[in-house]
2 protein chains.
Amino acid sequence: MAWLNYHHLMYFKTIAQTGSIAKASTKLLIGQPALSAQLKTLEDQLGCALFERRNRGLFLTDAGKITLKYANQIFNLGTELQTILKDQIFSASPTIKIGALDSIPKSLILNLVNFIRKKTKVKIRLLEGNVDELLREMASMQIDMIISNYSGMSDNKNIFSKSLGKTSVSVYGSKKFLFLKKNFPDSLNSQPMILPTSHSKLRHDIDHYLHLNNIHPQIVAETQDTSVQKSMGVEELGLLPLPDFSVRALVKNKHLHKIGMLKDVTEEYWLISQQREIDNPIISSIIDSYNFSAV
Amino acid sequence: MAWLNYHHLMYFKTIAQTGSIAKASTKLLIGQPALSAQLKTLEDQLGCALFERRNRGLFLTDAGKITLKYANQIFNLGTELQTILKDQIFSASPTIKIGALDSIPKSLILNLVNFIRKKTKVKIRLLEGNVDELLREMASMQIDMIISNYSGMSDNKNIFSKSLGKTSVSVYGSKKFLFLKKNFPDSLNSQPMILPTSHSKLRHDIDHYLHLNNIHPQIVAETQDTSVQKSMGVEELGLLPLPDFSVRALVKNKHLHKIGMLKDVTEEYWLISQQREIDNPIISSIIDSYNFSAV
DNA sequence: TAATATAATTCGATTAAATCGAATGATCAA
DNA sequence: TTGATCATTCGATTTAATCGAATTATATTA
């Protein structure tokens with residue numbers, strides 16, 4: 001794929017926001033013809049019209065609207081980068097900042113927070129997000145460590161991954177699904193199921209298991225967030241394949257019941273951090289000593 | 001701020017990934033001198049060195065590592081845009097996709113899901129993320145609607161915001177904090193508190209309230225995720241300022257107790273969708289009829 | 001309805017930015 | 001020491017972006 005010209009995209013953004021080439025041209029301090037030409041080459045390169053030319057006005061097409069959203073985020077990132085580099089935020093802060101992948105069980109996060117609170121009275125800040133975001137924020141020192149469920153997030157040499165342990169995965173459900181214990185896992189066929197989204201490794205493992213055993217459940221919903229997933233299970237919307245440890249509390253109160261184990265499907269959790277020149281002793285001590293088996 | 005040259009950034013990314021200007025130059029089909037020059041102008045413009053020149057090798061500086069992460073995300077977005085436009089994914093799907101801001105109480109999400117399940121048996125997909133991400137995914141049809149706690153997400157004309165209702169906000173805590181009821185809100189002074197991160201409007205409102213009343217709590221932790229926040233409260237880590245309706249269940253089981261109301265602090269929830277030419281009837285009917293007061 | 005203002009576009013000329021090629025310096029490995 | 005590898009410097013050249021003048025089309029209004 002021929003690569004996108006980001007200067008053209010920048011011009012497009014200004015045109016879209018000001019509403020016309022004329023206004024954009026005064027703002028950008030270049031002439032109308034230049035802008036018009038650049039816009040045209042962008043459209044040619046993308047292979048679709050970004051504006052609908054109605055009479056003497058420009059109106060965003062659907063493709064244009066999509067492009068504008070992307071352009072906004074792209075250029076926001078760019079200016080963010082510039083300010084970060086300008087301000088040189090390279091200082092150790094009195095706050096420990098932890099990033100968590102959306103799909104990490106809250107109980108694990110909570111366990112880590114409790115552990116840190118016992119060790120030190122420093123302020124803790126929790127952020128969630130996807131892989132790209134969290135890695136970016138770790139690079140720019142906005143995050144000290146990441147809790148993740150896979151270790152190969154980055155090919156970067158000076159990123160450390162420490163395993164927090166492995167857990168088995170089972171199918172859980174409310175009382176009314178208990179009869180599926182008999183003849184498990186075949187009994188799962190065409191039963192309602194609530195799955196993590198395909199962003200997660202766990203989802204792929206589950207799909208693989210279902211495929212191997214030739215099981216075809218009815219997928220009711222997909223979600224990134226395990227706590228929403230659990231709530232949906234408690235509300236009897238469907239069955240939940242989940243790491244065993246993450247539902248212990250709910251199993252104890254009988255809100256959920258174990259239906260059967262997914263053989264060979266496991267979930268492993270990792271604590272990821274970046275090796276830095278200026279080492280924060282609090283953080284390294286946490287990384288060294290924390291272990292989630294202690295949950 | 002003089003604006004970033006994204007072509008230079010692209011070259012930088014290739015150099016960083018291949019490890020040398022020489023390798024990058026063969027990959028990009030341009031000469032070493034050109035690349036070297038472009039890299040230099042980028043460094044000049046950013047005002048800091050991205051590589052450390054040691055002998056004949058290049059090694060990323062801290063600033064370089066940060067820049068690389070940003071560059072990766074920026075160019076990922078760019079290619080994503082191109083594929084979306086190429087494939088013209090402009091079709092209505094058999095799945096309803098809902099985006100939720102991280103800070104939305106899970107009970108509200110769950111309520112909406114239940115409502116949809118009652119209305120139709122279509123598959124539901126839930127995604128979380130920040131404002132930029134969700135708006136982008138809505139523009140590119142990867143999301144049908146967004147649950148948000150503020151309405152002014154975008155200046156786009158054809159985005160519809162529908163209020164789901166307003167709730168008051170109070171401070172909650174475990175049993176051991178009940179004594180703070182007396183002399184509220186002054187009693188909050190130097191008490192441990194768990195707050196939402198400053199990404200959210202609610203946090204700003206809370207800060208404003210505390211400032212007005214000259215209260216200085218001890219901030220134990222900050223989090224984006226309301227369910228983690230609640231868990232921390234139940235574990236007695238500190239006090240929680242939260243929308244009343246979102247903790248009803250926990251108050252009922254006596255896991256949390258209301259300490260006092262934050263006068264004039266409120267939280268409003270919105271259902272946001274995009275007006276499209278090809279209208280999905282299921283989605284519009286949901287948007288029209290759903291109302292969270294029915295929780 | 002003709003005159004004026006506004007907006008986008010086209011076209012050849014011009015300018016600025018990027019690239020090349022040849023040469024230089026620096027380092028490593030044999 | 002010699003050849004190989006890699007980054008850099010410098011003037012020449014090519015390519016891409018921009019300008020200015022002119023053109024077309026369409027609203028606005030006198």
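Chain A is the first sequence line, chain B the second, and so forth, proteins listed ahead of strands; every chain is numbered from 1.
- In this structure, the CG atom of B:D44 is 12 Å from the P atom of D:dT8, given to the nearest Å.
- Relative to the side chain of B:S20, the nucleotides C:dC20, C:dT9, D:dC6 differ in distance, and D:dC6 lies closest.
- In this structure, the NZ atom of B:K23 is 11 Å from the C1' atom of D:dT5, given to the nearest Å.
- Counting all heavy atoms, side chain and backbone alike, B:M138 lies closest to B:D144 at SD-O, 4.0 Å.
- Residue A:F51 is classed as having no contact, given no heavy-atom separation below 4.0 Å to the nucleic acid.
- Between B:N5 and A:Y6, the closest side-chain pair of non-hydrogen atoms is not below 4.5 Å.
- Set against C:dT9, C:dA7, C:dC20, the side chain of A:A22 has C:dA7 as its closest nucleotide.
- Distance CG (A:L9) to P (D:dA17): 14 Å, rounded to an integer number of Å.
- Residues A:L46 and B:Q82 have side chains in contact (heavy-atom distance under 4.5 Å, counting atoms from C-beta outward).
- If you take OH of B:Y6 and C1' of D:dA17, they are 19 Å apart, rounded to a whole angstrom.
- Each of A:K40 and A:H7 lies near DNA chain C, and the nucleotide nearest A:K40 is the one positioned closer to the 5' end.
- Both A:A34 and B:G19 sit near DNA chain D, but only B:G19 has its closest nucleotide nearer the 5' end.
- If you check every strand for non-hydrogen atoms under 4.0 Å, A:L29 touches sugar and phosphate atoms only.
- Which of D:dA7, C:dT9, C:dC20 sits closest to the side chain of B:L58 comes down to D:dA7.
- Distance A:I30 CD1 to C:dA7 P: 16 Å, rounded to the nearest Å.
- In the set D:dA17, C:dA7, D:dC19, D:dA17 carries the atom at the smallest distance from any side-chain atom of A:Q38.
- Not a single donor-acceptor pair under 3.5 Å links the side chain of B:Q32 to the backbone N or O of B:A22.
- Of the candidate nucleotides D:dT8, C:dT19, C:dA8, D:dT8 has the atom lying nearest to any side-chain atom of B:Q32.
- The interatomic distance linking B:M10 (CE) with C:dA17 (C1') rounds to 18 Å, in whole Å.
- Phosphate contact (OP1/OP2 of C:dA17, side-chain N/O of B:N5, threshold under 4.0 Å): absent.
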Exercise for review: In sequence, state the C-alpha distance, the side-chain angles, and the governing distance for A:F51 and A:F12, and then conclude on ring-ring contact (aromatic ring centres under 6.0 Å, His included).
Suggested key: CA-CA 10 Å; A:F51 289 102; A:F12 160 75; 5.5 Å; yes
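- For A:I21, taking side-chain heavy atoms from C-beta onward, the closest of the listed nucleotides D:dA7, C:dT9, D:dC10 is C:dT9.
- In the set C:dA8, D:dT9, D:dA21, the nucleotide with an atom closest to the side chain of A:P33 is D:dA21.
- Here C:dA17 presents its P atom at 10 Å from CD of B:Q45, a figure rounded to the nearest Å.
- Across the protein-nucleic acid pair, B:I15 atom CD1 and D:dT8 atom C1' stand 13 Å apart, rounded to whole Å.
- Looking at heavy-atom distances under 4.0 Å, B:L35 makes no contact with the nucleic acid at all.
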Practice item. Apply salt bridge (charged side-chain N to carboxylate O under 4.0 Å, His left out) to A:R136 and A:E80, showing your working. Key: CA-CA 11 Å; A:R136 209 186 66 219; A:E80 195 178 311; 3.6 Å; yes
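- You'll find that the side chain of B:R53 is closest to D:dT8, out of D:dT8, C:dC20, D:dT18.
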